[in-house]
Amino acid sequence: MSIPTHPKHRDHHMPATTINLLGRDMLSLADWKRHEIAAILDTACAIKADPASAASALAGRGAVLLFEKASLRTRVSFEIGIAKCGGHAMYFDHAENRIGQRESIKDYARNLERWVEVIIARTYLHDTVTELAEYAAIPVINALTDLDHPCQALADLLTLREQFGDLSGARPAFIGDGNNVCHALMLGCAVMGVPLTVITPRGFEPRYGVVQQAHALAAEHGTALTLSNDIGAIAGCNAVYTDTWVSMGQADEAGKRLAVFQPYQVNPALMAIAEPGAIFMHCLPAKRGVEVTDAVIDAQTSVVYDQAENRMHAQNALLIHILSGGL
Ligand code: CP
Ligand code: NVA
């Protein structure tokens, strides 16, 4: 058996003071240490404050975006973000044929690594991104799977940090479907010490495996993680986060879901249960009038477009760390 020499296969159990993220995959925030995520958020803030500082940070780097599902924010923020840092991104539409159909995922990964420096993939099956990462010598970034959406959670942590000065003041609640965005937020908050309340209808809780993983990370980091079916659990929270009730690939369940989720709609009456002045968050796309009303998403306290902007800064910071070793 050959000994892997690429940086992504190195031992990453380094002292907390050493930040070397070269070659790392971003499949889930559960795989990352608190100081590593904090370093990415620091870099993201620096780039946001001074974009010129990153203007050539990805010079000569090529990225391929393999997307099985639709996207606005993820596609544009990666493509434009990489260009703003001097790199090149190529979009590959996999809506019609899933990754692994035309040739094996192994061969796919081993071809792509000869041309580009990073693979960014949005897939249905989470196993597709883990298999790409297993075989590719270059980093693989999860741009959303049915299970997780770590780039979204990175941007959300950045947004919470901006809103509350630092993460220690944030007390978010996620209300709605226990889906990929909820999972990513649970894992990211658990690692970063952000107390999170997750409120879902019965039967739509986050997946058992993710709940176990998030509880283990929360225990390790001394983070409070509360799961409830009761909208009253939103009391005391200073950020209210929701997502669509019908994720990509779930159109067949739409009718059933809409009825069950109605009491969990984020409207002014629900916001009134949270702390006065609580901010509103949504990964977008939103179904206005369904999971959130116009009065909430258009309010001064809504930070949804900050979250969207922060996708680009957070992802650029991530790419700069894993491809260039930092700014
Ligand atoms: N939030 C998010 O990932 O948006 P897109 O699906 O438009 O990329
Ligand atoms: N939960 C949503 C998120 C979209 C960004 C979906 O998977 O469709």
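We count residues from 1, following the sequence as given. One-based numbering, in listed order, for ligands and for the atoms of each. Below, all heavy atoms of this structure are taken into account, side chains as well, without hydrogens, waters or symmetry copies.
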Cationic N near anionic O, under 4.0 Å, D42 to R161: yes
Starting from the N and O atoms of ligand 1, find every protein N or O within less than 3.5 Å and list the pair with its distance.
| from | atom 1 | to | atom 2 | distance (Å) |
| --- | --- | --- | --- | --- |
| ligand 1 | 1 (N) | Q152 | OE1 | 3.0 |
| ligand 1 | 1 (N) | C283 | O | 2.9 |
| ligand 1 | 1 (N) | L284 | O | 2.9 |
| ligand 1 | 1 (N) | R311 | NH1 | 3.4 |
| ligand 1 | 3 (O) | T74 | OG1 | 2.9 |
| ligand 1 | 3 (O) | R122 | NH2 | 3.0 |
| ligand 1 | 3 (O) | H149 | NE2 | 2.8 |
| ligand 1 | 3 (O) | R311 | NH1 | 3.0 |
| ligand 1 | 4 (O) | R73 | NE | 2.9 |
| ligand 1 | 4 (O) | L284 | O | 3.4 |
| ligand 1 | 6 (O) | R122 | NH1 | 2.8 |
| ligand 1 | 7 (O) | L72 | N | 2.7 |
| ligand 1 | 7 (O) | R73 | N | 3.0 |
| ligand 1 | 7 (O) | R73 | NE | 3.3 |
| ligand 1 | 7 (O) | R73 | NH2 | 3.0 |
| ligand 1 | 8 (O) | S71 | OG | 2.6 |
| ligand 1 | 8 (O) | T74 | N | 2.8 |
| ligand 1 | 8 (O) | T74 | OG1 | 2.6 |
| ligand 1 | 8 (O) | R122 | NH1 | 3.4 |
| ligand 1 | 8 (O) | R122 | NH2 | 3.2 |

Residues in the immediate environment of ligand 2 (any heavy atom closer than 4.0 angstrom): L144, N179, N180, V181, D243, T244, S247, M248, L284
More than 12 heavy atoms from other groups under 6.0 Å of CD on Q212: yes
For A54, all residues meeting side-chain contact (heavy atoms from CB on, under 4.5 Å), sequence neighbours excluded: I47, A57, C85, I320, L327
Backbone of S71 reached by a side-chain donor or acceptor of T74 within 3.5 Å: no
Residues E291 and K287 bridged, charged N to O under 4.0 Å: no
Check: E205/N229 side-chain N/O donor and acceptor closer than 3.5 Å: yes
Ring pair (Phe, Tyr, Trp, His ring centres under 6.0 Å): pairs with one or both residues in residues 232-259, sequence neighbours excluded: F174-Y241, W245-F261
Any donor-acceptor N or O pair under 3.5 Å, side chains R311, Q307: no
SB check D306 K48 (cutoff 4.0 Å): no
